[in-house]
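So the structure is just underneath, and the comments pick up after that.
Lettering follows sequence order; numbering is per chain, from 1. Owing to the predicted nature of the structure, the values given are computational and were not obtained by experimental measurement.
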Number of protein chains: 2
Amino acid sequence: MKTSVLSFLRRYGSLFLYGVALASLLFLLKWLELRFLFIHYSIELYIGSIALVFTLLGIWLSHKLTRPKVVVLEREVLVPGPGAGVNNEMIARLGISKREMEVLTLIAEGLSNEEIAARLFVSLNTVKTHSSRVFGKMEVRRRTQAIDKARRMGLIP
Amino acid sequence: MKTSVLSFLRRYGSLFLYGVALASLLFLLKWLELRFLFIHYSIELYIGSIALVFTLLGIWLSHKLTRPKVVVLEREVLVPGPGAGVNNEMIARLGISKREMEVLTLIAEGLSNEEIAARLFVSLNTVKTHSSRVFGKMEVRRRTQAIDKARRMGLIP
DNA sequence: TGCAAAATCACCCGAAAGTATGAGCCCAAA
DNA sequence: TTTGGGCTCATACTTTCGGGTGATTTTGCA
């Protein structure tokens, strides 16, 4: 074996060296190419990552800095129309007393003077005076008129 | 002048050349430095512009691809309640006629029988009969009661 | 403590509302 | 054509309402 190798070197030594040198050179070139590619890709990746990061930053900024769109959903709520709340101001302005209001409400509920008297534990005449006073203050002549006007003015629900 | 220059060169020629060479070298170095700075800043600007562009891209993407932020504000809207429409079914069920409904409506508006008679161009007795019939069908004994019940049943607004 | 407003009650009278009964007219459906 | 429902009107009667006047008691407030 040794003899054959030595004779081979002796006979083709320069050629072998040339081959090795060539191979080395090719390896060097390959290494340079890889290095170049590495650098190339490195830059690309760097730029890419920069782009990605700032794209994400943009998205984040967009989410953080844009004011949210306000959508108003109107929810329908059943509310008693004009007679929403009792108009205490109007009652006070007309000078209607507490007892008079009680009588007025009971009138609006359809009770007769006699029934109202029984409900409030007073005499029929008392109810009559109260209702009469209310009518005077409301400037009406009938209880039905009083009911209608009281509703429109919000005196009763 | 020429003589002095030539003599100067002849006496300090090498020194002059040295100075020129030194100056050139310094210029070269300065140029390299400027070039380096240029490259340096170029990279920074490049990266900066990349960042800016992709930040804007991110914002644009955010606007284009994400559904807008929605804040739901619920607002209560007053809606006329059940008494808004006239309950024709109930009217039919009670067997209340058209004329009777007219009288009932006018009663609810606070008109007296006489006023109703004038309004409808009929006699007081006619109004009385109509109202009496309505009261009978509604099972009430007074006009105020009729008003209240009619409201509750949706016969009148 | 005293006063004004509110609440209570009474009596009378006229007006309005409601009941009962009867009857005539008109129109659409059977 | 008959029939029934709706609309009209009248008369008589009862009940309820509303206005007017006057009076006493209670109560809230200064």
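Taking atom CD of residue A/Gln145 and atom P of nucleotide C/dA16, one finds them 12 Å apart after rounding to whole Å. A/Glu102 places its CD atom 8 Å from the P atom of C/dT8, with the value rounded to the nearest Å. When the P atom of C/dG22 is taken as reference, atom CG of B/Asn125 falls 16 Å away, rounded to whole Å. Rounded to whole Å, atom C1' of C/dA16 lies 12 Å from atom CD1 of B/Ile107. Put simply, CZ on A/Arg142 is 8 Å from P on C/dA16, counting in whole angstrom units. Between the CZ atom of B/Arg133 and the P atom of C/dT21 there is a distance of 13 Å, given to the nearest Å. If you measure from atom CZ of B/Phe135 to atom C1' of C/dA16, you get 12 Å, rounded to the nearest angstrom. The distance between atom CD1 of A/Ile116 and atom P of C/dT8, rounded to the nearest whole Å, is 13 Å.
Residues B/Met138 and B/Leu104 have side chains in contact (heavy-atom distance under 4.5 Å, counting atoms from C-beta outward). Here the side chains of A/Val140 and A/Asp148 are not in contact, with every heavy-atom distance at 4.5 Å or above. Between A/Lys149 and A/Leu155 the shortest side-chain heavy-atom distance does not fall below 4.5 Å. Using a 4.5 Å cut-off on side-chain heavy atoms (C-beta onward), A/Glu115 and B/Arg142 make contact. Between A/Leu106 and A/Leu120, some side-chain heavy-atom pair lies under the 4.5 Å cut-off.
Within 6.0 Å of the CZ atom in A/Arg133, the count of heavy atoms belonging to other residues, nucleotides or ligands does not exceed 12.
Taking only side-chain nitrogens and oxygens, B/Asn113 comes nearer than 4.0 Å to OP1 or OP2 of C/dA17.
For the pair B/Val122 and A/Gly136, nearest-nucleotide mapping onto DNA chain D gives the more 5' position to B/Val122. Nearer to the 5' terminus of DNA chain C, by closest-nucleotide assignment, is the contact made by A/Leu124 (compared with the other of B/Arg141 and A/Leu124). Along DNA chain D, the nucleotide nearest to A/Thr129 and the one nearest to B/Arg99 differ in position, and the one closer to the 5' end is contacted by B/Arg99.
When heavy atoms are screened at a 4.0 angstrom cut-off, B/Ser112 is found touching the sugar-phosphate backbone but no base atom. Counting non-hydrogen atoms under 4.0 angstrom, A/Lys128 reaches a base of the nucleic acid. Within the 4.0 angstrom heavy-atom criterion, only backbone atoms of the sugar-phosphate kind lie near B/Ser123; the bases stay farther away.
Mapping heavy-atom proximity under 4.0 Å, the span of DNA chain D touched by chain A runs 5' to 3' from D/dC17 to D/dG19.
Side-chain atoms of B/Lys137 come within 3.5 Å of backbone atoms of B/Gly95 as a donor-acceptor pair (strictly under, hydrogens ignored).
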